[in-house]
Amino acid sequence: GVTINTPTGQLFSFFDVQNVEVYRGPQPVDSRNATAGAIYVSTEKPDGEFSASMDATYGNFNLIEVESAVGFPIFGDVLSGRVSGRLNMRDGYVKNRCATSTTGICNLGFPSKIPVIPAGWTASPLTDKVNDLDNWAVRGQLRFQPGAWDWLLKVEGGPSRGDAAQFQ
């Protein structure tokens with residue numbers, strides 16, 4: 001239910017997905033406003049019923065993935081809510097050849113592969129392994145359906161604290 005138009009945003013993990021629709025070719029301006037097709041992702045919405053789900057995974061390099069959602073009625077069929085979230089954590093698995101640098105700065109010169117520290121640069125020590133994951137996302141929704149009206153308030157967000165640059 002959100003427009004994601006940057007390569008960084010396209011790598012964000014989807015959670016609590018209801019369905020995915022793929023539209024091929026140019027889309028008219030009055031429908032999807034996409035010149036080369038579109039992918040429309042719909043998230044689950046509050047439906048006035050109590051529901052809960054959870055999925056957890058543990059894997060290599062201390063990978064932890066948890067996805068959960070809870071839907072609940074608040075006031076009859078008129079007001080309902082849903083809270084969902086996702087957690088991704090994993091230790092780094094790519095060897096950092098610059099980790100032995102005493103200043104924390106490294107530019108591997110080619111072809112010698114000898115660390116070259118630029119003059120005057122300082123930084124914190126580097127870790128032995130990089131490309132870890134450390135992010136989470138949460139979405140809260142309130143659905144108000146008085147009569148023929150159907151209003152949805154959606155608030156979502158979350159940080160990415162891993163050292164994998166593509167998710168920053």
Side-chain angles (χ1 to χ4, degrees), residues 1-24 27 30-96 99 104 123-168:
V2 275
T3 302
I4 300 178
N5 60 356
T6 64
T8 303
Q10 293 168 4
L11 295 172
F12 187 74
S13 63
F14 292 113
F15 60 96
D16 203 23
V17 173
Q18 181 181 22
N19 66 4
V20 177
E21 300 174 35
V22 178
Y23 298 97
R24 294 178 50 192
Q27 299 297 308
D30 60 340
S31 68
R32 297 283 178 232
N33 196 22
T35 58
I39 299 174
Y40 183 71
V41 179
S42 300
T43 58
E44 290 284 351
K45 294 176 182 51
D47 59 5
E49 303 286 327
F50 180 78
S51 62
S53 65
M54 182 175 170
D55 184 39
T57 302
Y58 182 80
N60 291 351
F61 304 100
N62 292 318
L63 171 70
I64 298 172
E65 294 180 339
V66 178
E67 182 177 329
S68 63
V70 176
F72 48 90
I74 298 173
F75 185 74
D77 293 339
V78 177
L79 184 63
S80 57
R82 185 168 185 90
V83 177
S84 56
R86 180 166 178 88
L87 169 74
N88 294 312
M89 297 178 71
R90 182 193 64 220
D91 293 341
Y93 62 91
V94 176
K95 181 179 178 182
N96 183 0
S124 58
L126 300 173
T127 59
D128 291 338
K129 301 285 185 179
V130 295
N131 231 21
D132 69 335
L133 289 175
D134 183 7
N135 60 57
W136 58 267
V138 68
R139 177 184 304 121
Q141 301 178 78
L142 283 176
R143 190 173 187 182
F144 184 54
Q145 298 173 288
W149 292 84
D150 190 353
W151 295 10
L152 180 67
L153 173 66
K154 185 188 298 187
V155 178
E156 54 192 334
S160 177
R161 295 188 179 116
D163 63 10
Q166 69 269 26
F167 298 112
Q168 300 301 322

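Residues take their numbers from the sequence shown, with the count starting at 1. Remember, it's a predicted structure, so these values are computed and weren't measured experimentally.
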**Item:** Separation between CD of Gln145 and CG of Leu79, rounded to the nearest 0.5 Å
**Value:** 9.0 Å
**Asked** Atom OG of Ser51 and atom CZ of Arg82: how far apart are they, to the nearest 0.5 Å?
**Response** 4.5 Å
**Prompt:** So how far is it from Phe144 CZ to Asp150 CG, rounded to the nearest 0.5 Å?
**Reply:** 10.5 Å
**Request:** May I ask you to decide if Pro46's main-chain N or O and Arg143's side chain share a donor-acceptor pair within less than 3.5 Å?
**Result:** yes
**Message:** Within this structure, what is the CZ-CG distance for the pair Phe15 and Leu87, rounded to the nearest 0.5 Å?
**Reply:** 11.5 Å
**Request:** Mind checking the OG-CD spacing from Ser80 to Glu49? Nearest 0.5 Å is all I need.
**Result:** 9.5 Å
**Message:** Between Gln141 (side chain only) and Glu44 (backbone N and O only), is there a donor and an acceptor less than 3.5 Å apart?
**Reply:** yes
**Worked check of side-chain contact (heavy atoms from CB on, under 4.5 Å) between Trp151 and Leu142** = CA-CA 8 Å; Trp151 295 10; Leu142 283 176; over 6 Å; no
**Message:** Hydrogens and angles aside, do Asp16 and Thr43 bring a side-chain donor and acceptor to less than 3.5 Å of each other?
**Reply:** no
**Item:** Positive for side chain to side chain contact (heavy atoms under 4.5 Å, CB included) with Arg90, one of Asn62, Leu63, Asn60
**Value:** Leu63
**Asked** When rounded to the nearest 0.5 angstrom, what is the spacing between OG in Ser84 and CD in Glu156?
**Response** 8.5 Å
**Asked** Got Trp136 and Asn88 here, is their nearest side-chain heavy-atom distance under 4.5 Å?
**Response** no
**Asked** Can you list every salt bridge (Lys or Arg N to Asp or Glu O under 4.0 Å) pair that touches residues 70-80, not counting sequence neighbours?
**Response** none
